[in-house]
Amino acid sequence: METSLLSIDQLADAAAIIAAGGTVAFPTETVYGLGADASNATAISKIFLAKGRPSDNPLIVHVADMTGVLRFAKEITPIAKTLMDAFWPGPLTLVMPRGDSVADELCAGLSTVAIRMPKHPVALELILRAGVPLVAPSANRSGRPSATTWEAVHEDLSGRVDAIVCGDPTEFGLESTVIDITQSPPCVLRHGAISLNSIQSLVTDVVSVEELDSREQVRKRKSPGTRHRHYQPKARVLIANSPSYGTSHRDEESVADGTSKSVAEDPSGIHASRAWIGLSSPSRSEDWRIIKVCESPEDYARVLFSFFREMDRRGMELIVCQRVPDTGIGRALMDRIRRASAVE
Ligand code: TXA
Ligand code: MG
């Protein structure tokens with residue numbers, strides 16, 4: 001299949017492809033999405049095929065108005081209304097009771113459906129022109145870092161999708177926050193661009209899925225997607241607790257499965273293929289081939305995935321990510337870094 005590259009002035013063409021059951025990648029404020037008609041089961045199956053996505057991982061429906069929500073969700077509860085008023089359009093995805101006519105493929109057979117209203121003007125206009133809500137997972141091959149530029153979409157999906165709308169690099173660089181409001185207490189399943197704190201300031205007793213797991217007080221809930229490999233560049237990813245990483249064997253790295261790896265196990269052993277990203281420089285800069293110092297946690301979040309991809313293109317074998325405090329955007333950022341560093 002030939003993939004057309006469209007400009008943001010060619011949304012009529014993009015909408016026509018969607019209406020014909022095709023697939024179009026487009027920018028949102030979080031990451032690029034791979035869109036298809038959310039009411040067309042055949043189009044939905046093309047998305048899973050293009051990404052190599054496991055069929056048990058449901059998709060997010062992207063809407064431009066409340067009519068779109070009511071086509072897919074059974075009801076809008078008071079909590080849903082509160083969150084929509086506060087954060088829509090924007091990077092918050094609500095898991096809601098599923099409406100009767102929603103395709104099984106979209107929800108991976110669950111009784112719930114995930115919905116968000118993006119705030120990116122190109123995304124909103126594309127949905128309106130298509131005249132139907134769009135399913136849109138992140139526009140990357142399954143398991144890879146999400147695409148934050150159209151070039152990254154092209155790298156992963158060229159020849160596998162009908163078109164790419166070539167907009168600017170995305171504003172947040174990490175995906176939306178996913179919150180399940182179908183059960184009590186409401187539960188953040190995926191940390192993202194909207195922080196847990198800002199949600200908790202509006203809806204009391206919202207918890208995060210890690211808290212539920214550790215309290216074991218409510219039956220475990222999971223975002224199905226979190227079972228799968230995610231965000232992984234080809235290079236090995238490790239987490240540095242401090243800028244003195246690599247100078248001391250005390251510098252243990254904790255990875256997502258709870259085990260620890262010491263710096264002595266650095267698989268490359270050669271400085272020529274080591275890259276660093278963080279909020280400050282590592283203490284021995286001569287040990288690093290590439291050093292990327294970000295201005296703020298927000299900046300770090302915005303560039304992380306494109307940095308991973310660039311390091312792969314440059315053949316780096318090891319990427320070390322400096323830890324940031326687990327608050328605000330830092331929580332989502334550390335979640336992505338931990339998953340990128342997970343060893344199976
Ligand atoms: O920012 C975003 O959300 C981007 C842009 C393109 O909008 N989209 C995105 O989609 O990240 P995707 O497919 O890569 O991630 C969707 C996440 C997965 O973790 C999936 O398991 C979860 O949402 N999800 C979808 N439907 C769900 C449901 N009914 N219940 C629980 N989790 C659900
Ligand atoms: Mg994704």
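Note that these values count all heavy atoms, side chains included, but never hydrogens, waters or copies made by symmetry. Whatever order the structure lists ligands and atoms in, that order sets their numbers, starting from 1.
Exactly one of Arg116, Lys119, Arg302 qualifies for a salt bridge (charged side-chain N to carboxylate O under 4.0 Å, His left out) with Glu29. That residue is Arg116. For the salt bridge (charged side-chain N to carboxylate O under 4.0 Å, His left out) test with Glu155, the passing option among Arg144, Arg160, Arg141 is Arg144; the others fail.
With 2.8 Å as the limit, Ser142 does not count as an N, O or S neighbour of the Mg ion (ligand 2).
Per-residue contacts place Gly33 under 4.0 angstrom from the following atoms of ligand 1 (heavy atoms of the residue considered): 6 (C). Every atom of ligand 1 is numbered from 1 in the order shown, and the set under 4.0 Å from a heavy atom of Leu189 is 31 (C), 32 (N). Close contacts between ligand 1 and Ala114 involve ligand atoms 25 (C), 26 (N), 27 (C) [criterion: under 4.0 Å to a heavy atom]. Counting atoms of ligand 1 from 1 in the listed order, those under 4.0 Å from a heavy atom of Ser138 are 8 (N), 9 (C), 10 (O), 12 (P), 14 (O). Which parts of ligand 1 touch Leu59 is read off a 4.0 Å heavy-atom cut-off, strictly below it: atoms 25 (C), 26 (N). Atoms of ligand 1 found under 4.0 Å from any heavy atom of Arg116 (numbered from 1 in listed order, with element): 1 (O), 2 (C), 3 (O), 5 (C), 7 (O). Per-residue contacts place Ala136 under 4.0 angstrom from the following atoms of ligand 1 (heavy atoms of the residue considered): 6 (C), 8 (N), 10 (O). The Leu110 neighbourhood of ligand 1 comprises atoms 28 (C), 29 (N), 30 (N), with distances under 4.0 Å to a heavy atom of that residue.
At a heavy-atom distance under 4.0 Å, atoms from both the backbone and the side chain of Thr112 approach ligand 1. Residue Arg53 touches ligand 1 through its side chain alone, judged by heavy-atom distances below 4.0 Å. Neither the backbone nor the side chain of Arg98 comes within contact range of ligand 1; no heavy atom lies under 4.0 Å. Neither the backbone nor the side chain of Asp180 has a heavy atom within less than 4.0 Å of ligand 1.
Closest heavy-atom approach to atom 27 (C) of ligand 1 among the candidates Pro91, Pro58, Ala25, Ser176: Pro58. For atom 23 (O) of ligand 1, the candidate residues are Val178, Asn57, Ile47; the nearest heavy-atom contact is made by Val178. Distances from atom 30 (N) of ligand 1 to the heavy atoms of Val95, Ile115, Thr170, Leu92 show the closest one on Val95.
For the pair Tyr32 and ligand 1, the shortest N or O to N or O distance does not fall below 3.5 Å. Considering both main-chain and side-chain atoms, Glu175 never comes within under 3.5 Å of ligand 1 through any nitrogen or oxygen pair.
Ion pair Lys46/Asp37 not flagged as a salt bridge, since none of the NZ, NE, NH1 or NH2 atoms sits closer than 4.0 Å to an Asp/Glu carboxylate oxygen. A salt bridge between Arg71 and Asp100 is absent, with no side-chain N of the basic residue lying under 4.0 Å from a carboxylate O of the acidic one. Checked for salt-bridge contact, Glu175 and Arg336 meet the test: a charged N lies under 4.0 Å from a carboxylate O.
The backbone N or O of Phe48 sits nowhere less than 3.5 Å from a side-chain atom of Arg53 that would complete a donor-acceptor pair. The closest donor-acceptor contact from the side chain of Ser7 to the backbone of Asp9 lies under 3.5 Å.
Neither side chain, Arg236 nor Ser341, offers a donor N or O lying under 3.5 Å from an acceptor on the other.
Note on ring orientation: taking the six-membered ring where Trp is involved, the planes of Phe26 and His62 are perpendicular (angle over 60°, cut-offs 30° and 60°).
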The test is salt bridge (Lys or Arg N to Asp or Glu O under 4.0 Å); show your working for Asp104 and Arg98 and say whether it passes. CA-CA 10 Å; Asp104 266 339; Arg98 167 182 167 181; 2.7 Å; yes
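The environment of CD1 in Ile8 is sparse: at most 12 heavy-atom neighbours from other residues, nucleotides or ligands sit within 6.0 Å.
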